[in-house]
Every structure is written in C-alpha cells, then in structure tokens.
Amino acid sequence: MFKPIIEGKIFKVGDDIDTDQIYPGRYLYLTSPEEMAVHAMEDVIADFYKKIEGEDWIIAAGKNFGCGSSREHAPRALLYAGVKAIVAESFGRIFYRNALNVGLPAVKCSGIVKEVQQGSLIQINLKEGLIVLGTPEKTLSIEKFSPQLLAILKNEGLIPYMKKYGKYSHLKNI
Amino acid sequence: MHPLYQILADAAGRDKVTPGEFIIAKVDLAEINDLYLQVIMSFKEMGGDKIWDSQKVTFVMDHYAPPPTIKAAENQTKMREFAKEQGIKYFFDINRGVCHQVMPEEGLVWPDMVLVATDSHTTTHGAFGAFSTGIGATDMAAVLLTGEIWFRVPEIIKIKIQGKIRKGVMAKDIILYIISQLGTDIALYKAVEYTGETVTDMSLDERLVLCNMAVEMGAKATYIKPDKKVWDYISLVNPQKIQECRPIKQINEKENEVYESVYNFDISNLEPQVALPYRVDNVVPVSQVAEEPINQALIGTCTGGRINDIKIAAQILKGRKIFSSVRLLIIPVSNKILEKCIELGYIQTLLNAGATLVTPSCGPCLGAHEGVLSSGESCISTSSRNFPGRMGSSEAKIFLSSPATAAASAIKGVITDPREFL
C-alpha cells in the first residue's frame, strides 16, 4: 500500500554515486530479488544489505545519485535489500525514473546532505512535499512530482499502474 | 522552435512543446539489449500479451556476446523465444555487434525520430538528428505495451566547438576535455546540441563519440543538425527514409530564447587528454600522466570501436610490437566494422603487433566478461566510464583516452602521447 509518510534512519553517501557502485556490472545477469539484494552497494559498503537489516533506512545522497548506466537492477537491488526511499540533491535521470517505476520513492531535496548525519532520523511526507529531520528538528521542502509521476508513485510503481490503467493517463492533476 | 522540440511536439501530437512540461510521446523505435530480461518480466507482470508494434521493436544481443555464464545464456534464450513469439522484426543475435552501431547500420536510425533503448549511451543517435534516450526495463515494458512514454521536455544546452583539431587529437580528447570543464551533472535532465566548425568538419564516426559521451555529463539526449554527411549515410542504409523525413526547419528565435545556456570551446591548442580514475571529469593532458604503467589497453566499444578508431590504432602499431607485459584488446563495435577492418588489413596489422581480438560486443567495458581486470591492475581504455569496479575489480584503475593514446600506450607499457608515433 502506498505510504505518504516514510520514516527511517539516514544512510549518508556522497556525490556522483554511479550505478556500477550501486549494483556492479558483474551481476547484471541476475534477476531474482534475493540474489540481487546481497550485491546492493557492495563495492562501496561491504555487506550493505546486512547493515540495513531489521530497521528502516533512507539513503541521503549528494548530487547525481545513480548516474551512469540504465540498469534497473540498481534501484531494484536497493529496494530488495530493504531501502525505503532515497533523498538526493539530484539524480541520474534514468535511475530516477527506474526508482519510481519499481516503487522506490526517490525525492529531490536541495541542501539535504549538509543537514543530516549518518543514523539521524528523517521523515518524508510525500503528501505535503516536506522532509522533517529529527534533531535538531528542521523542515525542508522537496521538489514537486509531476501528476504522471505522482500517479505512478501512488500506485507503487509502473507495473501496478499499467496493470490498472493499461496506458499513461495522468498528464493532468488527479 | 528547436528541431528537438519539433520532434517531441510531433510525437506528442501537439503544435509545440516548452521546456519543463510533461508530455506523452509516441515511440518510433524501441531497442532492448540482452541485459534486460526484466523488460519481458515487467511486460508480463503488467498483464501484457501482444506488444504494440512488432515492426518498431528491435532486440540486440550485445552485452553478453557470446554469453559468459549459464544464466546469461538462459536470459538470451528467453529473449529469443519472446522475440519469435511476438514476431519482432529486427532481432540481432550475438553475431552482429553493439546496438549503437547495429541500429544505424541497419537503417533503423534517422533524423526526426523518437528512439528509446535500454542503454544509457542511447544519446549517441543525436548525431543523426534523432531524439534518442536511454530508459530502464520497466519503462521499456510500458513502451512495449503502449507504444508511448512520458518525457519531461528538456532544456537545451548548446556547446559550440571551434578550431582545427591538431594531429593525434580525436573527438574523444575533445569530449573528455569538455566534460572536465563542465562537470558530470551539467546536462542533467537536459539535452545537448553540438555546433561549430570543428563538429561540421568531423566525420560521422567522430560525431558519434561526442554524442555517446554526453550521457557522462548527465544528458538525456543530444543533437547535431543533420548535414550532407548524415543524409549520405541514410541514403546508403535506408534510402526510403530520405523521402519520409521532414525537412529540418530553421530556428527563428534568438539564441537565448532557445538555449538554456551556451558554452564555447576553442580546441585549436588541445593536446590528447586522459581521464584518471575514478571519474570521467577527472581529466588531464596526456603529458601530465605519461609514464603511468598499464597492464591492459582496450580499443573498442560503442565509444571507441569504429573504423576511424581501429584505423588509427593500426597506423600507430604497424610494424611495431606491444610491450611484453601489456594485453591489447581490440573489440570492433560491429561485425560489419570487423569485416571492413579485415578487408583493409587493420586486423592483421594489429594481430602482428600482438593484439588480442575480441568478438564485436560491449566486451569488458561494463565488467561482464572478455577482459576484466584483477585487483591492482591498470587499463587504458577507449570506453566511456572509469568508475570503481566498472571493468572488474574495484581495486583496478581505468584511464579513459582516445584510441590513438591507447595504442601508443600499448607499445610502451606506460601511458604515452600518441604524437610520438604519428
């Protein structure tokens, strides 16, 4: 079910984290969620999937998160590993589409990196377009979703969306 | 209106489009490669049965050509079955080459089309005047289902390149230099148009390099105004399209009304460039990195494996031998290019020099197979990315360069200015 409010702990990463780092090319032939999850971010953070086990984590990234290849394996691996959402200054454009298409909320928020620390609490309110940070409490705004993207997000990805509507039908506000 | 906007307006059934707005566009060609069994999985999960148009879809088996693992082989088998069952008109198996060369060779790319492919380097086809962009598996599944895709109409950045290219300098050097100056996210969510006398004077092969690498600046699409070189090529590969393509209209607005920003580059004094690990914008002139030892040199891929690239490598290596501890991989971008290189004697020259010939494919560029690196190794490569772990071990180093620099480096075993051999 679509959750308009997502809460979790921050997993902080830097600028220009490319899709080779998120999901190495040597595993691109894998298609099952269990197999893909264990390789998420493995070249950047060893055993990332184990480190985020049992708790809700949200990745906070600098600019250009997910730049590089078009591999949808990258957001899928993060999703399968249990990442709840990604907040970044900006995203590689294909990664951004892929994340929303597979039902992983990706939100753009200018200035996020300097406001958060590893492990600090964050709440993303997709309905209000806001981010609320734990201590010290602070509110930031996120870039508004277009109606079409919001409709995909609300349906938890493009697969359920297409299953329901069979075509793109939300260019205008819903 | 810019020609890219004209393409998008036509595809969306509108009179005009403006940057920032969202449109639903009709797709002229959808290409899927063999990394993307997920396309078929997502299509079926969407409830898909028959694809929207079997004449507008192409499959290219290029990333695992030939397959290195049982799982990769099984994925290809499933894709072959799907293509057969759907009656997909253009199926190119492992004996054809990389999609970004195979599609133009087969006459599937033309000015004023909308092309989407499951590969980020799809920006390449702006060199033919197409609106072409990379998408992921589930986006592609929706294209197979509906024939449509949503786009945010991109702002356009104009990059004007002036000056005569010096001997030993190639398009790859120019684009590496431009990326180093503008950064890896300058064109995020935007399109890039290349203009200027340097671009006009370039061969199509060299223009393809500029457009291919634009994605490393974040670009969604690229554009070079089609000229005689493009129309001559189209008339060879798909003469019928010459009649069908709309004439390209002049832009009537002022420059600042069309372009978000304009950047000017004079490359008259540019020397060969090298991108150091692990960023494409971490670029220095070759003189600053000369003497860096290498274990492997790779000449090939969708960025650097065309006739022009293999020709210069053969020129440099003719009558010479590669350094004793260096492996030189030659990966022509397509079988047609390989055949031409054989015919022109380049392959024999390179084999005599000690090169290893790899089948036309993406090769080790993405770390899948056919020449991956062990930890601690260094490779100079004509490919497009030097991220950690891109070509195998994340402890290996990748230096990006032109084919000329890669060939010269293979001779000496250290990164070398190609002008020494030209």
Side-chain angles (χ1 to χ4, degrees), chain A residues 15-21 24-32 35 42-44 62-64 67-76 89-103 108 146-149 152 157-172, chain B residues 22-24 35-39 41-42 45-48 63-64 67-69 71-75 117-122 133-142 145-146 148-150 152 184-185 188-189 215-216 218-220 279 365-369 372 385 387-392 394:
Chain A
D15 290 336
D16 297 298
I17 299 292
D18 61 82
T19 54
D20 278 277
Q21 294 185 69
R26 56 190 178 273
Y27 308 120
L28 287 173
Y29 57 85
L30 299 176
T31 48
S32 85
E35 286 177 311
E42 77 171 26
D43 283 351
V44 196
K63 67 180 180 69
N64 214 10
C67 59
S69 134
S70 63
R71 63 191 66 163
E72 195 173 279
H73 310 61
R76 280 185 183 271
E89 306 274 341
S90 62
F91 289 93
R93 61 161 284 274
I94 310 178
F95 180 91
Y96 180 68
R97 294 181 73 114
N98 286 346
L100 297 169
N101 284 345
V102 302
K108 296 178 205 169
S146 72
Q148 184 62 64
L149 267 181
I152 293 168
L158 189 57
I159 293 173
Y161 177 92
M162 279 294 166
K163 211 170 169 181
K164 191 164 162 188
Y165 297 101
K167 61 179 179 140
Y168 288 108
S169 33
H170 293 98
L171 260 194
K172 298 208 167 57
Chain B
F22 286 77
I23 57 163
I24 308 287
L35 292 183
Y36 287 88
L37 182 65
Q38 184 64 48
V39 175
M41 292 163 69
S42 293
E45 285 175 44
M46 284 171 184
H63 284 65
Y64 294 128
T69 62
K71 189 70 172 62
E74 281 170 352
N75 291 352
T118 53
D119 190 276
S120 59
H121 290 105
T122 307
T133 193
I135 61 173
T138 301
D139 254 341
M140 182 56 89
L145 194 71
T146 66
E148 295 181 330
I149 186 165
W150 69 264
R152 178 187 167 280
T184 53
D185 66 345
L188 214 48
Y189 319 122
V215 72
E216 313 308 334
K220 173 185 214 154
R279 294 179 61 96
C365 169
L366 71 157
H369 63 147
V372 296
R385 290 183 177 141
F387 305 148
R390 173 77 183 174
M391 206 182 281
S394 56

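Letters A, B, ... are given to chains in the order of the sequence lines, protein chains preceding strands, and every chain is numbered from 1.
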>> Looking at B/Gly134, is its backbone amide N or carbonyl O close enough to the side chain of A/Ser70 to form a donor-acceptor pair, meaning the two atoms are under 3.5 Å apart?
In response: no
>> If we define contacts as heavy-atom pairs under 4.5 Å, which of A/Phe95, A/Phe91, A/Tyr27 has the most with chain B?
In response: A/Phe91
>> Please classify the contact between B/Asn75 and chain A as side chain, backbone, both or neither, with a heavy-atom cut-off of under 4.5 Å.
In response: side chain
>> Looking at B/Gly389, is its backbone amide N or carbonyl O close enough to the side chain of A/Asp20 to form a donor-acceptor pair, meaning the two atoms are under 3.5 Å apart?
In response: no
> If you measure only the distance, is there a donor-acceptor pair under 3.5 Å linking the side chains of A/Arg26 and B/Thr69?
Replying inline: no
> To the nearest 0.5 Å, how far apart are NZ in B/Lys71 and OG in A/Ser32?
Replying inline: 7.5 Å
>> Counting C-beta onward and ignoring hydrogens, is there a side-chain heavy-atom pair between A/Met162 and B/Thr146 closer than 4.5 Å?
In response: yes
>> For the backbone of A/Gly92 and the side chain of B/Tyr189, can you confirm whether one donor and one acceptor N or O come within less than 3.5 Å of each other?
In response: no
>> Between A/Asp15, A/Asp18, A/Asp43, who has the most heavy-atom pairs with chain B when the cutoff is under 4.5 Å?
In response: A/Asp18
>> If you define the side chain from C-beta out and look only at heavy atoms, does anything of B/Met46 sit under 4.5 Å from A/Tyr161?
In response: no
> For chain B, which of A/Gly68, A/Ser90, A/Cys67, A/Pro24 has the most heavy-atom pairs under 4.5 Å?
Replying inline: A/Gly68
> At a heavy-atom separation under 4.5 Å, does B/Arg279 approach chain A through its side chain, its backbone, both, or neither?
Replying inline: side chain
> Are a donor atom and an acceptor atom from the side chains of A/Asp16 and B/Thr184 found within less than 3.5 Å of each other?
Replying inline: yes
> Between B/His369, B/Met391, B/His121, B/Lys220, which shows the greatest number of heavy-atom pairs under 4.5 Å with chain A?
Replying inline: B/Lys220
> Of the backbone (N, CA, C, O) and the side chain (C-beta and beyond), which part of B/Ser120 lies under 4.5 Å from a heavy atom of chain A, both, or neither?
Replying inline: both
> Rounded to the nearest 0.5 Å, what separation is found between the OG1 atom of A/Thr19 and the CZ atom of B/Phe387?
Replying inline: 7.0 Å
> What residue in B/Ile149, B/Leu37, B/Leu145 has the most heavy-atom pairs under 4.5 Å with chain A?
Replying inline: B/Ile149
> To the nearest 0.5 Å, what is the distance between CG (B/Leu35) and CZ (A/Arg71)?
Replying inline: 7.5 Å
> NE2 of A/His170 to CD1 of B/Ile24: how many Å apart, nearest 0.5 Å?
Replying inline: 10.5 Å
>> Quick check on A/Ile94 against chain B: is it the side chain, the backbone, both or neither that has a heavy atom closer than 4.5 Å?
In response: side chain
> Is the number of heavy atoms from other residues, nucleotides or ligands under 6.0 Å of A/Lys163 NZ greater than 12?
Replying inline: no
>> Any non-hydrogen side-chain atom of A/Ile159 less than 4.5 Å from a side-chain atom of B/Met41?
In response: no
>> Run the side chain to side chain contact (heavy atoms under 4.5 Å, CB included) test on A/Glu72 and B/Asp139 for me, step by step, so that the C-alpha distance in whole Å, both residues' side-chain angles and the decisive distance to 0.1 Å come before the verdict.
In response: CA-CA 10 Å; A/Glu72 195 173 279; B/Asp139 254 341; 5.8 Å; no
> So how far is it from B/Ile23 CD1 to A/Gln148 CD, rounded to the nearest 0.5 Å?
Replying inline: 12.0 Å
> Just by modelled atom types, is the B/Glu74 backbone N or O under 3.5 Å from a matching donor or acceptor in the A/Tyr29 side chain?
Replying inline: no
>> Taking side chain as everything from C-beta outward and backbone as N, CA, C, O, which of these in A/Asn98 sits under 4.5 Å from a heavy atom of chain B? Side chain, backbone, both or neither.
In response: side chain
> Can you check side chain to side chain contact (heavy atoms under 4.5 Å, CB included) on B/Trp150 and A/Ile152, steps first, answer last?
Replying inline: CA-CA 11 Å; B/Trp150 69 264; A/Ile152 293 168; 3.8 Å; yes
>> Heavy-atom pairs under 4.5 Å with chain B - which of A/Lys108, A/His73, A/Lys167 has more of them than the others?
In response: A/Lys108
>> Counting only non-hydrogen atoms closer than 4.5 Å, does B/Ala141 touch chain A with its backbone (N, CA, C, O), its side chain (CB onward), both, or neither?
In response: neither
> What option among B/Ala368, B/Gly47, B/Ala142 has the most heavy-atom pairs under 4.5 Å with chain A?
Replying inline: B/Ala142
> At a heavy-atom separation under 4.5 Å, does B/Leu366 approach chain A through its side chain, its backbone, both, or neither?
Replying inline: both
> Going by atom types only, do A/Thr31 and B/Gln38 share a side-chain donor-acceptor pair under 3.5 Å?
Replying inline: no
>> Is there a side-chain contact between A/Gln21 and B/Pro388 in this structure, where contact means two heavy atoms from C-beta onward sitting under 4.5 Å apart?
In response: yes
>> Between B/Arg385 and chain A, with a heavy-atom cut-off of 4.5 Å, which part of the residue counts as in contact: side chain, backbone, both or neither?
In response: side chain
